[in-house]
Amino acid sequence: MAAIQRIKGFADLFAPDSDAFSFMEGVGREVFAAYGYTELRTPIMEHTELFSRGIGTETDVVQKEMYTFPDRKGRSLTLRPEATAGVMRAYIEAARHSQEQVSKFFTYGPMFRYERPQKGRMRQFHQINCECIGASEPLADAEVILMLMRFLTGIGLTGLSLELNSLGCRECRPVYNKALIEYLTALDPEKLCEDCRRRLTANPLRVLDCKVPGCKEMTKDAPVIAEYNCPACQEHFLVVLRILQEAELPHVLNPRLVRGLDYYTRTTFEVVSSTIGAQASVAGGGRYDGLVAQLGGPDLPGVGFACGMERLSLMLGERALPGLDFYLAVLDESALESAMNIAQELRVQGKRGEVSFSARSLKSQMRQASRLKAKYCLLLGGDELAAGTVTVKDMENGSQTTVKREALAESL
RNA sequence: GCGGACGUAGCUCAGUUGGCAGAGCACCUGGUUGUGGCCCAGGGGGUCGGGAGUUCAAGACUCCUCGUUCGCCCCA
């Protein structure tokens, strides 16, 4: 029988790699709780329309990367390619705005995008998401950014760069878009790559983000978005920057920082690593003031971020498997069942250990104890069974004592 | 969606102009009747990713395919 392989771009995560994920989740839980966030778990599948309305039909994510299928009744469903849209849908559906002024949620889970896998990019990947809904104040932007950076240092990462930009609001963004289009059209739109010629009408901001040399050349002296922001947007961004400065949080302004999802407004940010290869962006987010309304909810502002766990995990380095408190070696067939009960008592008392399922040669069992990095190897054979004792061997110095079964847990 | 590299034992990999499928590590057993690591001896493990072709003969050459990986693109 041929074995069945896993789906391309989907990973099995064994320990100790899986420990890295629970570690990040644990730190996240603590950090996010300190900022008043509670966990929200939403389904991994949604109606396709949620994403096309939320993320934007012109984005690559919606146009060519979604896992979309009809269900048994022909409705179009999509495995979530990102978390924010689902969180907003849940928020609206539960009418949370009528219960509280500001809602803060964090969520963990798998996301799905049909892309060509490479280092730091899987088809099923995992994100940590935080969303703060209902606050339009720049303080909310700053708090979200401070929290994100606190989380990243909390899991032990350094050497990350925080980039910031402001994309303007529904008032001033169109003004900038118009200026940018005029600038590029005046130069020579034919010099732009194929994608950018389409972007020029569909989503001109994304031209700034293009890596094709010709396009880079074209946008080198293009108008800077910050100069087109309306006074309200400028003031908003200034406050955010001032708070980050006072918190002594290093950051750089990147006027070309554009997000891949259409819903972003005003503050946007990205955290970049220089050590994990081409997929260098480990977290990104920003403000999305029109999104809740776009999805059929009340017109409420929001700000949040997403963090790629695979990429964070690349920076965490190797993890070692923890050792055991004991390994219980069994030397006589007749002692196997008692051994299981002794191990059970120890485990109930909080000791971590293994017990042999068979009375194989002591040599091989000791080897096993060594391999599992057990602090003590416990020996149970005919002699011990008769005497109601267990022989305890310290695996580090080799010293050996005989202990009554009842006193076993204290001696470990 | 585009380009490059790579698929041989559980892992890391060697395999010459096409000529008996290998090493190290890991695993198992023994050397030691109930004592691990070091050492020694022995052992189990392979559809050489899959399929087709060329050939007396293919792990090697050709084509197709699947997978992995690094970039591009995109994104977290």
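All heavy atoms count here, side chains included; hydrogens, waters and symmetry mates do not. Every chain is numbered from 1, with letters handed out A, B, ... down the list of sequences.
- Classification of E182(A) and K178(A) as a salt-bridged pair holds, one side-chain N sitting under 4.0 Å from a carboxylate O.
- Residue order along RNA chain B, read from the 5' end via each residue's closest nucleotide, puts G9(A) first among G9(A) and V61(A).
- Listed nucleotides U29(B), G34(B), A76(B) differ in distance to A283(A); the shortest reach to its side chain belongs to A76(B).
- In this structure, K8(A) reaches the sugar-phosphate backbone alone: every heavy-atom distance under 4.0 Å involves primed, P, OP1 or OP2 atoms, never a base.
- Between the side chain of K119(A) and the base of U69(B), no donor-acceptor pair under 3.5 Å is found.
- Nucleotides G50(B) and U35(B), compared at atom C1', are 49 Å apart to the nearest Å.
- One can find a donor-acceptor pair under 3.5 Å joining the base of G34(B) and the side-chain atoms of E384(A).
- Using a 4.0 Å heavy-atom distance criterion, F305(A) is classed as making no nucleic acid contact.
- U33(B) and G15(B): their P atoms are spaced 45 Å apart (whole Å).
- The base of U35(B) is not paired with the side chain of Q365(A) by any donor and acceptor separated by under 3.5 Å.
- Pairing for G71(B) is with C2(B), a Watson-Crick or G-U wobble pair whose two hydrogen-bonding atom distances lie under 3.5 Å.
- Looking at heavy atoms from C-beta onward, P117(A) lies in side-chain contact with K8(A) at the 4.5 angstrom threshold.
- Taking 4.0 angstrom as the limit, Q118(A) places a side-chain polar atom (N or O) nearer than this to OP1 or OP2 of G71(B).
- As the counterpart of G22(B), C13(B) is assigned, both hydrogen-bonding distances of the Watson-Crick or G-U wobble pattern falling under 3.5 Å.
- Closest to the side chain of T391(A), from the set U68(B), G34(B), U29(B), is G34(B).
- Remark: the separation of the C1' atoms in C11(B) and C27(B) is 11 Å, to the nearest Å.
- Heavy atoms of L379(A) sit under 4.0 angstrom from at least one base atom.
- Between the side chain of R371(A) and the base of C27(B), no donor-acceptor pair of N or O atoms lies under 3.5 Å.
- Atom CD in E270(A) sits roughly 12 Å away from atom P in C74(B) (whole-Å rounding).
- Between the side chain of S370(A) and the base of G37(B) there is no donor-acceptor pair of N/O atoms closer than 3.5 Å.
- For the pair K104(A) and E131(A), the salt-bridge criterion is not met [side-chain N within less than 4.0 Å of a carboxylate O].
- Residue S364(A) has no polar side-chain atom (N or O) positioned under 4.0 Å from OP1 or OP2 of G36(B).
- A distance of about 44 Å separates the C1' atoms of C40(B) and C61(B), rounded to the whole Å.
- Aromatic ring centroids of F326(A) and Y376(A) lie 6.0 Å or more apart.
- Surrounding CD of E396(A) are at most 12 heavy atoms belonging to other residues, nucleotides or ligands under 6.0 Å away.
- Atom C1' of nucleotide A76(B) and atom CD of E65(A) are separated by 12 Å, given to the nearest angstrom.
- Using a 4.0 Å heavy-atom cutoff across all strands shown, N129(A) reaches no nucleic acid atom at all.
- The CD-P distance, from E115(A) to C73(B), rounds to 13 Å in whole Å.
- As judged by a 4.0 angstrom heavy-atom cut-off over every strand, G285(A) is placed among residues making no nucleic acid contact.
- Computed from coordinates, the E163(A) CD to C75(B) P distance equals 15 Å when rounded to whole Å.
- For F32(A) and F151(A), the ring centers sit closer than 6.0 Å to each other.
- Ranking G36(B), U35(B), A76(B) by closeness to the M395(A) side chain, first place goes to G36(B).
- Remark: the separation of the P atoms in G44(B) and G22(B) is 13 Å, to the nearest Å.
- Between the side chain of Q279(A) and the base of C74(B), at least one donor-acceptor pair of N or O atoms lies under 3.5 Å.
- Checked against the 6.0 Å centroid criterion, the rings of F21(A) and H126(A) qualify as a close aromatic pair.
- Mapping S361(A) and A278(A) onto RNA chain B by nearest heavy atom places S361(A) closer to the 5' end of the strand.
- The nearest whole Å value for the distance from the CZ atom in R311(A) to the P atom in C74(B) is 13 Å.
- For the P atom pair drawn from A57(B) and G46(B), the interatomic distance equals 26 Å after rounding to whole Å.
- Of the candidates U35(B), C75(B), G34(B), C75(B) carries the atom nearest the R113(A) side chain, counting heavy atoms from C-beta on.
- To the nearest angstrom, C1' of G37(B) lies 14 Å from CD of Q368(A).
- Under the 3.5 Å distance criterion, the side-chain polar atoms of Q365(A) are matched with a main-chain donor or acceptor of R360(A).
- Rounded to whole Å, atom C1' of A76(B) lies 11 Å from atom OH of Y263(A).
- With C1' as the reference atom, A41(B) and A52(B) are 46 Å apart, rounded to whole Å.
- Here, C6(B) and G49(B) have their C1' atoms 12 Å apart, quoted to the whole Å.
- Look at CD on Q5(A): it is 10 Å from C1' on U68(B), rounded to the nearest Å.
- Side-chain proximity of R116(A) to C2(B), U35(B), G37(B): nearest is C2(B).
- Donor-acceptor pairing under 3.5 Å, judged by distance alone, is present between the side chain of R121(A) and the base of C73(B).
- In the set C72(B), U35(B), C75(B), the nucleotide with an atom closest to the side chain of M366(A) is U35(B).
- With D325(A) as the fixed residue, the side chain to side chain donor-acceptor pair (under 3.5 Å) test singles out one of K375(A), R352(A), K351(A), Q349(A): K375(A).
- With hydrogens and angles left out, the side chain of K363(A) and the base of G31(B) share a donor-acceptor pair within 3.5 Å.
- Residue contacts for A306(A): at a heavy-atom cut-off of 4.0 Å it reaches the sugar-phosphate backbone alone, with no base atom in range.
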